[in-house]
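Heads up, the thing below is written out as structure tokens.
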Amino acid sequence: MVGFVCRLRRVHSRTRDRTDTVPTQHRAIQSRQALIRSAAQTFIEKGVPAAGMTDISRRARLSKGALYFHFASKDDLTLAVRDEALDAVGELEDELARAPHPAPVAVRDFAIGLLGRVDTDVVVRAGLQLRPETAPGIARPELRQQWYELFLEKATADRAAGKLPPGDDPRRSAQLLTALVVGLLHLGQEDRTWWDKDVITDIWARLLPGGTGTTEAGTGGGRGAPGADGSAGTDGAAGTDGAAGTDGAAAGDAVASAPAGETVR
């Protein structure tokens with residue numbers, strides 16, 4: 001009987017410990033996410049060099065000790081912001097790779113998802129603006145080249161499956177699609193209406209007729225692309241300062257950031 005009581009006490013103790021651990025782990029995850037979001041907001045407002053750990057912890061409403069419990073330095077926190085942004089982009093890239101639609105439609109849906117996420121998620125927006133010059137230790141991912149290769153793979157598979165017209169060159173299609181995505185990402189830093197779902201759909205419909213299909217994200221019929229002065233345009237084409245050139249090169253080699261001149265390449 002004594003042995004049974006001892007075992008029962010041990011089981012109860014383990015159960016209680018596990019029950020106590022779950023809320024603690026949940027709080028730790030919440031604290032870490034709050035710090036990452038706070039850092040992203042501070043980076044956008046002040047730039048990485050001017051962002052202080054005290055500012056970040058105060059914005060997150062956590063102690064400086066809690067901050068250093070999760071991140072040993074500002075470099076570690078900066079890397080966490082970048083990693084979260086790239087993870088979000090990676091999820092969208094995976095969706096594109098699995099999409100059953102031809103490349104023009106799949107890339108349009110990718111652009112809608114990407115630019116919508118950049119517009120609404122401060123961590124993604126800040127993470128894509130980081131660069132080594134202002135955030136030491138950050139390796140700059142070549143997103144433009146990465147997307148070009150992804151779009152090329154998709155277009156090449158489409159051609160093999162007979163989803164592209166015989167005269168279409170997958171390489172040129174991938175160049176044009178890359179220029180559109182990178183150009184819109186660049187232009188939206190100055191005027192977020194470029195990231196609007198209807199604007200993106202309208203541009204695709206005008207530049208890639210027959211390659212717009214249907215999507216859950218929405219179809220055409222929305223407002224046209226912004227004009228050079230930031231007003232709504234009617235031709236749906238990007239302005240000359242960020243538009244894709246005829247050679248298919250991506251518009252704007254970098255995405256200008258809000259305050260500190262940080263860019264994504």
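Just the heavy atoms: all of them, side chains too, but no hydrogens, waters or symmetry mates, feed the values below. All values reported here derive from a predicted model rather than from experimental measurement.
Residues meeting the side-chain contact (heavy atoms from CB on, under 4.5 Å) test with R61, sequence neighbours left out: none. Under the side-chain contact (heavy atoms from CB on, under 4.5 Å) criterion, A99 pairs with A106, K154, not counting sequence neighbours. With sequence neighbours excluded, the residues forming a salt bridge (Lys or Arg N to Asp or Glu O under 4.0 Å) with D121 are R37, R117, listed by chain and number. Checked against side-chain hydrogen bond (donor to acceptor under 3.5 Å, both in side chains), E93 has the following partners two or more places apart in sequence or in another chain: Q146, W147. Applying the side-chain hydrogen bond (donor to acceptor under 3.5 Å, both in side chains) rule to E153 yields no partners; only residues at least two apart in sequence or on another chain are considered. Here R32 pairs with nothing under the side-chain hydrogen bond (donor to acceptor under 3.5 Å, both in side chains) rule; sequence neighbours left out. Every residue two or more places apart in sequence or in another chain that forms a side-chain hydrogen bond (donor to acceptor under 3.5 Å, both in side chains) with R192 is listed here: D119. Residues meeting the side-chain contact (heavy atoms from CB on, under 4.5 Å) test with E149, sequence neighbours left out: Q145. Legend: residues meeting side-chain contact (heavy atoms from CB on, under 4.5 Å) with S73, ordered by chain and number and at least two apart, are D75, D76. For the salt bridge (Lys or Arg N to Asp or Glu O under 4.0 Å) test, no residue two or more places apart in sequence or in another chain qualifies with R159.
Contact of the H101 side chain with the K163 side chain is not registered, since no non-hydrogen atoms from C-beta on lie closer than 4.5 Å. Considering only heavy atoms from C-beta on, T78 comes within 4.5 Å of F43 through its side chain. Looking at heavy atoms from C-beta onward, L180 lies in side-chain contact with L208 at the 4.5 angstrom threshold. Looking at V89 and L128, their side chains come closer than 4.5 Å, going by heavy atoms from C-beta outward. Looking only at side-chain heavy atoms (C-beta outward), I44 and R125 come within less than 4.5 Å of each other.
With hydrophobic clusters built from ILVMFWY side chains whose heavy atoms lie under 4.5 angstrom apart, W204 shares a cluster with L96.
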Apply the test side-chain contact (heavy atoms from CB on, under 4.5 Å) to residues T178 and V107: give CA-CA distance (whole Å), side-chain angles for both, the deciding distance (0.1 Å), then the verdict. CA-CA 9 Å; T178 304; V107 174; over 6 Å; no
Requested in this report: May I have the step-by-step check of side-chain contact (heavy atoms from CB on, under 4.5 Å) for T201 and I112, ending in yes or no?
Outcome: CA-CA 8 Å; T201 303; I112 290 171; 3.7 Å; yes
Q) Step by step, would you call R27 with Q30 a side chain to side chain donor-acceptor pair (under 3.5 Å)? A) CA-CA 5 Å; R27 286 195 299 271; Q30 286 183 322; over 6 Å; no
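A donor-acceptor contact shorter than 3.5 Å links the side chain of S173 to the backbone of D169. Judged purely by atom type and a 3.5 angstrom limit, W194 has no side-chain atom pairing as donor or acceptor with the backbone of L185. Under a 3.5 Å cut-off, the side chain of D158 and the backbone N or O of L164 do not form any donor-acceptor pair.
A side-chain donor-acceptor contact under 3.5 Å links R59 and T42.
Hydrophobic side-chain contacts under 4.5 Å tie I29 to no other Ile, Leu, Val, Met, Phe, Trp or Tyr residue.
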